[in-house]
Amino acid sequence: MSGQCLCSWCVEARLRARDAETADLRALAAYDQARSVGVARLVASFAAQRAGERARAMREARERAGASCP
């Protein structure tokens with residue numbers, strides 16, 4: 001046998017402890033997922049900003065060169 005008491009109080013206490021552990025793991029997983037989404041949004045925002053800067057630089061270069069293309 002495992003040596004654990006099988007009275008209802010001890011069994012309930014072990015179940016509550018196990019539920020608390022899984023709740024902690026679920027909270028950690030939710031935090032990791034939210035952090036990953038936040039990082040992805042930050043990277044996308046940075047990429048969009050860089051694309052806008054690049055487009056503006058190309059437009060200014062065309063204007064300086066007197067190009068007629070858009």
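Between Glu53 and Arg50 there is a salt bridge, since at least one side-chain N of the basic residue sits less than 4.0 Å from a carboxylate O of the acidic one.
The CG atom of Asp19 lies 7.5 Å from the CZ atom of Arg26; values are rounded to the nearest 0.5 Å. Atom CE of Met58 and atom CZ of Arg54 lie 9.0 Å apart (nearest 0.5 Å). Distance check: Cys10 SG to Leu15 CG gives 11.5 Å after rounding to the nearest 0.5 Å. A distance of 10.5 Å separates CG of Asp32 from CG of Leu25, quoted to the nearest 0.5 Å.
With sequence neighbours excluded, no residue forms a salt bridge (charged side-chain N to carboxylate O under 4.0 Å, His left out) with Arg41.
For the side chain to side chain contact (heavy atoms under 4.5 Å, CB included) criterion with Arg62, the lone passing option out of Glu60, Arg59, Arg64 is Arg59.
Nearest approach of Leu6 to Val11, heavy atoms of both residues: O-CG2, 3.7 Å.
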